[in-house]
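Convention: sequence-line order gives letters A, B, ...; per-chain numbering from 1.
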Amino acid sequence: MTPLRPVLNRPQRKGRTSMNLFTDMHGLVIESLGRMQAEGTLPKGLAFDNVAVEPPRDPAHGDMATNAAMVLARPAGQKPRDIADALAVRLASDPRVALAEVAGPGFINLRLAPTVWQDVVRNVLGEGAGFGRPAAGGGRKVNVEYVSANPTGPLHVGHTRGAVFGDALANLLEYAGHDVTREYYINDGGAQVDVLARSVYLRYLEAHGQSVEFEDGTYPGDYLIEVGQALKDEVGEAYIDKPEADWLADIREFATGRMLDLIRDDLSALGVTMDRFFSEKSLYGTGRIEAALATLSDKGLIYEGVLDPPKGKMPEDWEPRVQTLFRATAHGDDVDRPVKKSDGAWTYFAPDIAYHYDKITRGYDALIDVFGADHGGYVKRMKAAVSALSDGRVPLDIKLTQLVKLYKNCAPFKMSKRAGTFVTLRDVVDQVGPDVTRFVMLTRKNDAPLDFDFDKVLEQSRENPVFYVQYAHARVCSVLRKADGAGITVDDATLEAADLSGLVHEAELTVAKKLAEWPRLVEVAARGHEPHRVAFYLYELASDLHALWNRGNDMPDLRFLQEGNAAASQSKIALARAVAVVISAGLGILGVTPVQEMR
RNA sequence: GCACCCAUAGCUCAGCUGGAUAGAGCGUCGCCCUCCGAAGGCGAAGGCCUCAGGUUCGAAUCCUGAUGGGUGCGCCA
């Protein structure tokens, strides 16, 4: 069990609704069940763990529903309807409950009083962005590792999705009250940075006027031309006609430094800022890999052995070899994994183990890795390693991001390094901007493939969720500007203190009810590590606002601005402003700027 | 051969870790601006949740198997 850090709990205010209505009502149900036990209506010793209070799918079923009667029927040895009837009577006596009725197989549907929803609006205005923060349950120290692309070139579209997802997830967890570290693991210890160095060397020679040829095993990308030039500017002719041994290490360091600058810039253009870049190279020659493996060895999880050949796809040059293996099968993997090559050098897996060991020793309560879907094969071994190193104490969740399919005008956009149509993160951000890039990348679950059409994402129509949500926010801002122009005070403190009892129309309450879902949404999304839920929620909230706005066409009473009636205007604008506050908070999690007006 | 991910409306996808009659957008059809808040809104049609079993009060959701698609599989990181 992970130890929970002390959390500053916001004291529950008695007699008032707190921020998460669903936990409030859940509390009421549990409390009522307890009373029923005390008076003998229910047997003692029942577990209430599975009692849930949830929004029903069909709004006709009320505002909230609880399954308590059905869950408890069997352990209590009573009929669900009997329990439900008794519980419903108790629930109905609470002032917040307008109606409690038993339905279906034993659900209790609750309809809440309008004042409850008016309080929600008031709470949003009072708490601001803090409205969605759970009062408790946060406070864990979490490490989110994402991007972690090799420092050998610019980031491409695939990295972009991982970057956006990881960043939004980190934001989400932070919003939910966790202490989050955003981290990038630099693969600067392996052979690929030697390849980078050799490629830069060729560009360096080129900068000196020599003609060069890029053989297999070098990177021919144009982006290294300036690196070669910069190297020339720095060292002059020092490396010309010198053996590789003289320059490899120097150029490697020079080149990876340059690449990291490039990557940092790319990420920055996307609005991603890492807390820490962790160098793989820093693990070598410092005994840290050895230490991590010694830890595994102490647990009897390292041994010398021979692996079976993979079936079905036998490599041509396969022959049995004795290797140093990690007993990953003891922690859920399918086969044991080599940590040393036959020449005695570490495999890539060894520093990965050491890196995760480092994260564990830094005291994180939970680790999250964001990988591309093509790295799915490493999930089990990485989890096995973390499980072994932490004795199962630190959970590691690995999120895989699926491919991004690019389109231009509905036609697939083929990427080819050779044809020069290789699409980089910078290409995407330069063309459509960071806000659109981020939002669109989050309109799909991480494990579902994503279609990205350069033209469609910039379209200003309902079909485009980015626009649709931004527009809702801009509309509210527009109302605030107009009210201000009409001499109505609309700062948050004034709106919070306004008389909201006029907010009773079904179209208005629908919006308030959607606002009430926000804390619960945050909780669910954070628990499941699913930031895309925020994007979908914002779309729904925007939709409710647009619907209400349009009702104003037919029903002037529903307009936010009530001609000549400041008090009425303030109560309605309070609702609109509350929507803007939540949209703004949600967009903040996604890393998208809420705009004041559309252009 | 094995592992992981996926399969929901004609299309693109949600579905809150087991709840009631499975939702949204696009597309199709119908409606709402002489003026008042149309970059929007309202309504209709559209489903054997790939298939077959199982678990239980209850399954798109969990388990097993099948089919179809994606990814990966000892000295590449």
Side-chain angles (χ1 to χ4, degrees), chain A residues 22 50 52 54-58 60-61 65 67 69-71 73-74 79-80 103-107 109 150 152 187-193 195 280 306-315 317-321 323 325 333-338 340-345 347-349 351-352 372-380 398 400 402-403 443-445 447-451 459-465 467-468 471-472 474-475 478-479 482 517 520-521 523-525 527-528 530 532-533 535-537 539-540 543 546-554 556 558-561 563 598:
Chain A
F22 292 92
N50 293 325
E54 295 173 321
R57 264 204 289 230
D58 186 348
H61 291 140
N67 60 357
M70 286 178 294
V71 172
R74 180 189 286 267
K79 288 179 186 168
F107 285 103
N109 293 328
N150 289 342
T152 55
N187 288 109
D188 56 359
Q192 79 281 2
V193 285
V195 173
E280 174 194 357
V306 179
L307 288 176
D308 291 334
K311 290 173 183 162
K313 186 193 165 192
M314 171 74 85
D317 58 347
W318 195 90
E319 49 187 276
R321 290 219 170 88
Q323 294 173 293
L325 301 169
D333 202 351
D334 309 302
V335 291
D336 294 337
R337 305 290 180 176
K340 265 188 187 177
K341 303 177 193 174
S342 54
D343 66 1
T347 63
Y348 65 89
F349 187 40
D352 270 350
D374 54 342
H375 287 62
Y378 307 116
V379 170
K380 280 192 177 182
I398 299 183
L400 302 177
Q402 266 294 344
L403 294 180
T443 52
R444 213 104 299 177
K445 285 183 297 201
D447 53 6
L450 171 75
D451 293 342
E459 222 168 73
Q460 297 209 341
S461 73
R462 167 161 200 179
E463 193 182 344
N464 183 353
F467 161 78
Y468 192 70
Y471 183 41
R475 271 184 152 175
S478 162
V479 168
K482 278 187 184 167
E517 288 178 24
R520 179 183 153 81
L521 187 284
E523 186 188 318
V524 167
R527 185 183 41 193
E530 296 170 328
H532 75 276
R533 286 185 190 279
F536 281 92
Y537 169 83
Y539 185 87
E540 291 168 12
S543 180
H546 288 310
L548 174 58
W549 182 287
N550 247 66
R551 294 291 287 275
N553 289 335
D554 303 326
L558 289 181
R559 296 183 187 179
F560 296 113
L561 217 45
E563 196 87 15
M598 306 302 290

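You can call F107(A) stacked on the base of A20(B); the centres are under 5.5 Å apart and the planes sit within 30°.
Remark: the backbone N or O of N150(A) is not paired with any side-chain donor or acceptor of N187(A) at under 3.5 angstrom. Checked by atom type and distance alone, the side chain of H546(A) never pairs as donor or acceptor with a backbone atom of Y471(A) at under 3.5 Å.
Proximity of V379(A) to L400(A): side-chain heavy atoms (C-beta onward) are separated by under 4.5 Å at one or more points.
Nucleic acid contact for E280(A): sugar-phosphate only, since backbone atoms but no base atoms lie under 4.0 Å from a heavy atom of the residue. At a threshold of 4.0 angstrom between heavy atoms, the contacts of L561(A) include nucleobase atoms, whether or not backbone atoms are also involved. Residue contacts for F349(A): at a heavy-atom cut-off of 4.0 Å it reaches no nucleic acid atom on any strand shown. The residue F560(A) sits close to a base: some heavy atom pair falls under 4.0 Å.
Look at R533(A) and you'll find a side-chain N or O under 4.0 angstrom from OP1 or OP2 of G15(B).
Side-chain proximity of R527(A) to the nucleotides U17(B), C75(B), A14(B) is greatest for U17(B).
For the P atoms, the distance linking U55(B) with G47(B) amounts to 31 Å, nearest Å. Comparing U61(B) with C49(B), their P atoms are spaced 10 Å from each other, to the whole Å.
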